[in-house]
Amino acid sequence: MASVLYSVNMNVRKRVGVLISGNGSNLQALINAAYGHDYPAEIALVISNKSNAFGLQRAAKAAIPTYIFDNKAYSNRISFEYDIDLVLRKADCDIVCLAGFMQIFSQKFTEKWEGRILNIHPSLLPCFKGLHPQRQALEAGVKITGCTVHLVTAEVDDGPIILQAAVPVKDKDNEASLSARILEEEHRIYQKGLAILANVLR
Ligand code: GRF
(Lines give C-alpha, C1' and ligand atoms only; values in the text may rest on other atoms or scores of the structure.)
Protein backbone atom coordinates (compact mmCIF):
# COMPACT_ATOMS: atom_id res chain seq x y z
CA MET A 1 0.00 0.00 0.00
CA ALA A 2 2.80 2.36 0.94
CA SER A 3 4.47 1.90 -2.44
CA VAL A 4 1.18 2.70 -4.23
CA LEU A 5 0.82 5.95 -2.29
CA TYR A 6 4.45 6.79 -3.02
CA SER A 7 4.01 6.37 -6.75
CA VAL A 8 0.84 8.52 -6.69
CA ASN A 9 2.71 11.32 -4.91
CA MET A 10 5.51 11.16 -7.49
CA ASN A 11 3.01 12.28 -10.11
CA VAL A 12 1.73 15.32 -8.24
CA ARG A 13 2.77 18.50 -9.98
CA LYS A 14 4.44 21.15 -7.85
CA ARG A 15 2.26 24.18 -7.20
CA VAL A 16 3.89 27.45 -8.18
CA GLY A 17 3.12 31.03 -7.20
CA VAL A 18 4.47 33.53 -9.73
CA LEU A 19 5.21 37.10 -8.63
CA ILE A 20 5.21 39.87 -11.22
CA SER A 21 5.28 43.65 -11.51
CA GLY A 22 4.76 44.24 -15.23
CA ASN A 23 4.47 42.72 -18.68
CA GLY A 24 4.70 39.12 -17.53
CA SER A 25 6.24 37.59 -20.66
CA ASN A 26 8.25 35.23 -18.44
CA LEU A 27 5.03 34.36 -16.62
CA GLN A 28 3.53 33.55 -20.03
CA ALA A 29 6.45 31.25 -20.82
CA LEU A 30 5.84 29.40 -17.54
CA ILE A 31 2.09 29.19 -18.20
CA ASN A 32 2.75 27.78 -21.67
CA ALA A 33 5.22 25.22 -20.36
CA ALA A 34 2.77 24.12 -17.65
CA TYR A 35 0.22 23.24 -20.34
CA GLY A 36 2.61 20.42 -21.23
CA HIS A 37 1.25 17.08 -20.12
CA ASP A 38 4.56 15.96 -18.58
CA TYR A 39 5.58 19.30 -17.07
CA PRO A 40 6.30 18.78 -13.35
CA ALA A 41 4.76 22.08 -12.16
CA GLU A 42 1.51 24.01 -12.43
CA ILE A 43 0.91 27.73 -11.96
CA ALA A 44 -1.38 27.92 -8.94
CA LEU A 45 -1.61 31.70 -8.65
CA VAL A 46 -0.12 35.01 -9.72
CA ILE A 47 0.66 37.89 -7.38
CA SER A 48 1.43 41.42 -8.55
CA ASN A 49 2.43 44.50 -6.59
CA LYS A 50 1.03 46.64 -9.44
CA SER A 51 -2.68 46.66 -10.21
CA ASN A 52 -2.03 47.59 -13.85
CA ALA A 53 0.55 44.87 -14.57
CA PHE A 54 -0.23 43.34 -17.97
CA GLY A 55 0.76 39.96 -16.59
CA LEU A 56 -2.47 39.96 -14.56
CA GLN A 57 -4.40 39.83 -17.84
CA ARG A 58 -2.25 36.94 -19.04
CA ALA A 59 -3.07 35.05 -15.83
CA ALA A 60 -6.79 35.81 -16.08
CA LYS A 61 -6.82 34.55 -19.66
CA ALA A 62 -5.32 31.29 -18.43
CA ALA A 63 -7.92 31.14 -15.60
CA ILE A 64 -5.21 31.45 -12.95
CA PRO A 65 -6.22 33.21 -9.70
CA THR A 66 -4.61 36.63 -9.25
CA TYR A 67 -3.83 38.75 -6.20
CA ILE A 68 -2.68 42.34 -5.98
CA PHE A 69 -0.65 43.53 -3.02
CA ASP A 70 0.40 47.12 -3.60
CA ASN A 71 3.60 47.60 -1.62
CA LYS A 72 2.89 51.34 -1.44
CA ALA A 73 -0.30 50.64 0.53
CA TYR A 74 1.71 49.02 3.34
CA SER A 75 3.41 50.95 6.12
CA ASN A 76 6.15 48.34 6.38
CA ARG A 77 7.75 45.49 4.46
CA ILE A 78 6.95 42.88 7.11
CA SER A 79 3.18 43.15 6.63
CA PHE A 80 3.54 43.28 2.81
CA GLU A 81 5.54 40.06 2.89
CA TYR A 82 3.22 38.53 5.48
CA ASP A 83 0.23 38.88 3.14
CA ILE A 84 2.15 37.44 0.18
CA ASP A 85 3.37 34.51 2.27
CA LEU A 86 -0.15 33.84 3.59
CA VAL A 87 -1.68 33.64 0.09
CA LEU A 88 1.12 31.37 -1.14
CA ARG A 89 0.69 29.01 1.80
CA LYS A 90 -3.11 29.01 1.70
CA ALA A 91 -2.84 27.92 -1.95
CA ASP A 92 -0.40 25.14 -0.97
CA CYS A 93 2.37 26.55 -3.15
CA ASP A 94 5.57 24.52 -3.16
CA ILE A 95 7.64 26.94 -5.23
CA VAL A 96 7.75 30.72 -5.78
CA CYS A 97 8.93 32.16 -9.11
CA LEU A 98 9.89 35.81 -9.32
CA ALA A 99 9.24 36.95 -12.90
CA GLY A 100 10.04 40.62 -13.26
CA PHE A 101 8.97 41.25 -9.65
CA MET A 102 10.53 44.59 -8.78
CA GLN A 103 10.62 44.25 -5.00
CA ILE A 104 13.36 42.96 -2.73
CA PHE A 105 12.45 40.44 -0.04
CA SER A 106 13.73 40.47 3.53
CA GLN A 107 16.04 37.76 4.83
CA LYS A 108 13.11 36.42 6.87
CA PHE A 109 11.05 35.83 3.72
CA THR A 110 13.87 34.31 1.68
CA GLU A 111 14.73 31.98 4.56
CA LYS A 112 11.11 30.83 4.84
CA TRP A 113 11.21 29.83 1.16
CA GLU A 114 14.84 28.74 1.08
CA GLY A 115 15.53 26.37 -1.82
CA ARG A 116 12.04 26.95 -3.18
CA ILE A 117 12.22 30.44 -4.63
CA LEU A 118 13.55 31.15 -8.13
CA ASN A 119 14.40 34.30 -10.04
CA ILE A 120 15.33 35.08 -13.64
CA HIS A 121 17.92 37.81 -14.17
CA PRO A 122 18.93 39.21 -17.58
CA SER A 123 22.70 38.85 -17.22
CA LEU A 124 25.25 36.10 -16.73
CA LEU A 125 25.46 36.35 -12.95
CA PRO A 126 27.55 37.17 -11.02
CA CYS A 127 28.09 39.93 -13.62
CA PHE A 128 25.76 42.92 -13.76
CA LYS A 129 23.58 42.49 -10.69
CA GLY A 130 20.79 44.91 -9.86
CA LEU A 131 18.95 47.29 -12.16
CA HIS A 132 19.47 47.67 -15.94
CA PRO A 133 21.83 44.72 -16.41
CA GLN A 134 21.53 44.93 -20.20
CA ARG A 135 22.65 48.59 -20.07
CA GLN A 136 25.47 47.60 -17.72
CA ALA A 137 26.61 44.96 -20.23
CA LEU A 138 26.65 47.48 -23.09
CA GLU A 139 28.54 50.02 -20.99
CA ALA A 140 31.10 47.41 -19.96
CA GLY A 141 31.67 46.51 -23.63
CA VAL A 142 31.30 42.76 -23.12
CA LYS A 143 30.78 40.66 -26.25
CA ILE A 144 28.69 38.02 -24.52
CA THR A 145 25.99 38.45 -21.92
CA GLY A 146 22.84 36.42 -21.25
CA CYS A 147 20.47 35.40 -18.51
CA THR A 148 20.45 33.35 -15.34
CA VAL A 149 17.89 31.28 -13.43
CA HIS A 150 18.94 31.14 -9.79
CA LEU A 151 17.67 30.40 -6.32
CA VAL A 152 16.85 33.52 -4.32
CA THR A 153 18.74 34.30 -1.12
CA ALA A 154 18.84 37.40 1.07
CA GLU A 155 21.56 38.92 -1.14
CA VAL A 156 20.07 40.41 -4.32
CA ASP A 157 20.84 38.44 -7.53
CA ASP A 158 23.25 36.24 -5.63
CA GLY A 159 21.79 32.77 -4.98
CA PRO A 160 22.94 29.42 -6.39
CA ILE A 161 22.76 29.29 -10.19
CA ILE A 162 20.48 26.68 -11.77
CA LEU A 163 20.78 27.50 -15.50
CA GLN A 164 22.30 30.14 -17.77
CA ALA A 165 22.08 31.03 -21.45
CA ALA A 166 24.64 33.12 -23.33
CA VAL A 167 23.61 35.88 -25.75
CA PRO A 168 26.17 37.56 -28.06
CA VAL A 169 26.27 41.37 -27.98
CA LYS A 170 26.20 42.77 -31.51
CA ASP A 171 28.03 45.96 -32.51
CA LYS A 172 24.79 47.62 -33.50
CA ASP A 173 22.93 46.62 -30.31
CA ASN A 174 21.20 49.17 -28.12
CA GLU A 175 19.55 48.45 -24.78
CA ALA A 176 16.20 47.60 -26.39
CA SER A 177 17.55 45.23 -29.03
CA LEU A 178 19.84 43.44 -26.59
CA SER A 179 17.06 43.16 -23.98
CA ALA A 180 14.72 41.64 -26.57
CA ARG A 181 17.22 38.94 -27.56
CA ILE A 182 18.01 38.15 -23.93
CA LEU A 183 14.28 37.93 -23.18
CA GLU A 184 13.87 35.20 -25.80
CA GLU A 185 16.46 33.16 -23.93
CA GLU A 186 14.82 33.94 -20.59
CA HIS A 187 11.59 32.42 -21.88
CA ARG A 188 13.48 29.32 -22.94
CA ILE A 189 15.46 28.70 -19.75
CA TYR A 190 13.05 29.84 -17.01
CA GLN A 191 10.64 27.01 -17.64
CA LYS A 192 13.57 24.57 -17.80
CA GLY A 193 14.94 25.88 -14.50
CA LEU A 194 11.52 25.54 -12.87
CA ALA A 195 11.23 21.97 -14.12
CA ILE A 196 14.65 21.14 -12.67
CA LEU A 197 13.65 22.50 -9.25
CA ALA A 198 10.22 20.83 -9.33
CA ASN A 199 11.84 17.48 -10.10
CA VAL A 200 14.44 17.90 -7.36
CA LEU A 201 11.71 18.59 -4.79
CA ARG A 202 9.83 15.39 -5.59
C1 GRF B 1 12.90 40.32 -17.50
O2 GRF B 1 13.98 40.75 -18.29
C3 GRF B 1 13.40 39.79 -16.20
O4 GRF B 1 14.58 39.08 -16.32
C5 GRF B 1 13.64 41.06 -15.44
O6 GRF B 1 12.55 41.89 -15.75
C7 GRF B 1 12.06 41.52 -17.04
C8 GRF B 1 10.63 41.16 -16.87
O9 GRF B 1 10.01 40.90 -18.10
N10 GRF B 1 13.81 40.80 -14.02
P11 GRF B 1 8.57 40.23 -18.12
O12 GRF B 1 7.68 41.01 -17.17
O13 GRF B 1 8.71 38.80 -17.73
O14 GRF B 1 8.11 40.39 -19.55
Side-chain angles (χ1 to χ4, degrees), residues 16-35 41 43-62 64 66-71 84 95-105 109-110 113 117-140 142 144-170 173-197:
V16 180
V18 183
L19 275 57
I20 62 167
S21 297
N23 181 31
S25 67
N26 277 293
L27 162 67
Q28 189 68 58
L30 299 181
I31 290 172
N32 294 349
Y35 283 135
I43 312 304
L45 60 86
V46 171
I47 295 173
S48 175
N49 67 316
K50 301 268 186 202
S51 59
N52 62 352
F54 182 66
L56 290 169
Q57 293 182 42
R58 297 179 189 270
K61 203 170 168 192
I64 296 168
T66 58
Y67 299 84
I68 299 163
F69 297 114
D70 180 355
N71 54 292
I84 291 176
I95 297 172
V96 178
C97 283
L98 308 184
F101 185 64
M102 301 304 284
Q103 294 290 309
I104 294 169
F105 281 117
F109 187 94
T110 55
W113 287 92
I117 177 166
L118 286 175
N119 184 40
I120 178 96
H121 184 78
S123 78
L124 292 175
L125 290 174
C127 290
F128 312 132
K129 296 178 179 182
L131 293 174
H132 311 300
Q134 304 92 337
R135 191 186 304 168
Q136 292 183 53
L138 288 169
E139 285 171 0
V142 295
I144 295 175
T145 183
C147 50
T148 303
V149 179
H150 67 97
L151 287 166
V152 173
T153 56
E155 289 292 315
V156 175
D157 300 330
D158 195 62
I161 291 169
I162 308 272
L163 266 183
Q164 292 186 305
V167 174
V169 181
K170 297 180 179 171
D173 262 332
N174 55 34
E175 193 175 348
S177 64
L178 181 58
S179 299
R181 285 208 320 289
I182 294 174
L183 200 55
E184 282 177 27
E185 291 301 307
E186 293 182 43
H187 299 161
R188 198 175 61 77
I189 68 167
Y190 206 2
Q191 53 96 8
K192 283 191 179 181
L194 173 57
I196 290 170
L197 180 62

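Counting starts at 1 for both ligands and their atoms, following the listed order. Note that the structure is predicted; figures quoted are calculated from it, not measured. Heavy atoms only: backbone and side chains are in, while hydrogens, waters and symmetry mates are out.
For the pair Val16 and Leu118, the minimum side-chain heavy-atom distance is 4.5 Å or more. Counting heavy atoms from C-beta outward, Lys129 and Glu155 have side chains that stay 4.5 Å or more apart. The shortest distance between side-chain heavy atoms of Asn26 and Leu183 falls below 4.5 Å.
Remark: Ser21 engages Asn49, Lys50, Phe101, Met102 in a side-chain contact (heavy atoms from CB on, under 4.5 Å) (not counting sequence neighbours). Here Gln136 pairs with nothing under the side-chain hydrogen bond (donor to acceptor under 3.5 Å, both in side chains) rule; sequence neighbours left out.
Given atom 9 (O) of ligand 1, the protein heavy atom at minimum distance is Asn26 ND2, 4.0 Å. In this structure, atom 5 (C) of ligand 1 lies nearest to the protein heavy atom Pro122 CD, 4.0 Å.
The distance from ligand 1 to the heavy atoms of Asn23 drops below 4.0 Å at these ligand atoms: 12 (O), 14 (O). Near Glu186, meaning under 4.0 Å from any of its heavy atoms, are these atoms of ligand 1: 1 (C), 2 (O), 3 (C), 4 (O). Close approach of ligand 1 to Gly100 is summarised as follows: ligand atoms under 4.0 Å from at least one heavy atom of the residue are 6 (O), 8 (C), 10 (N).
Nearest to atom 10 (N) of ligand 1 by heavy atom, out of Ile120, Val18, Asn119, is Ile120.
Rounded to the nearest 0.5 Å, atoms CG (Leu151) and CG (Asp158) are 11.5 Å apart.
At least one N or O atom of Ser25, backbone or side chain, sits closer than 3.5 Å to an N or O atom of ligand 1. Considering both main-chain and side-chain atoms, Gly24 comes within under 3.5 Å of ligand 1 through a nitrogen or oxygen pair.
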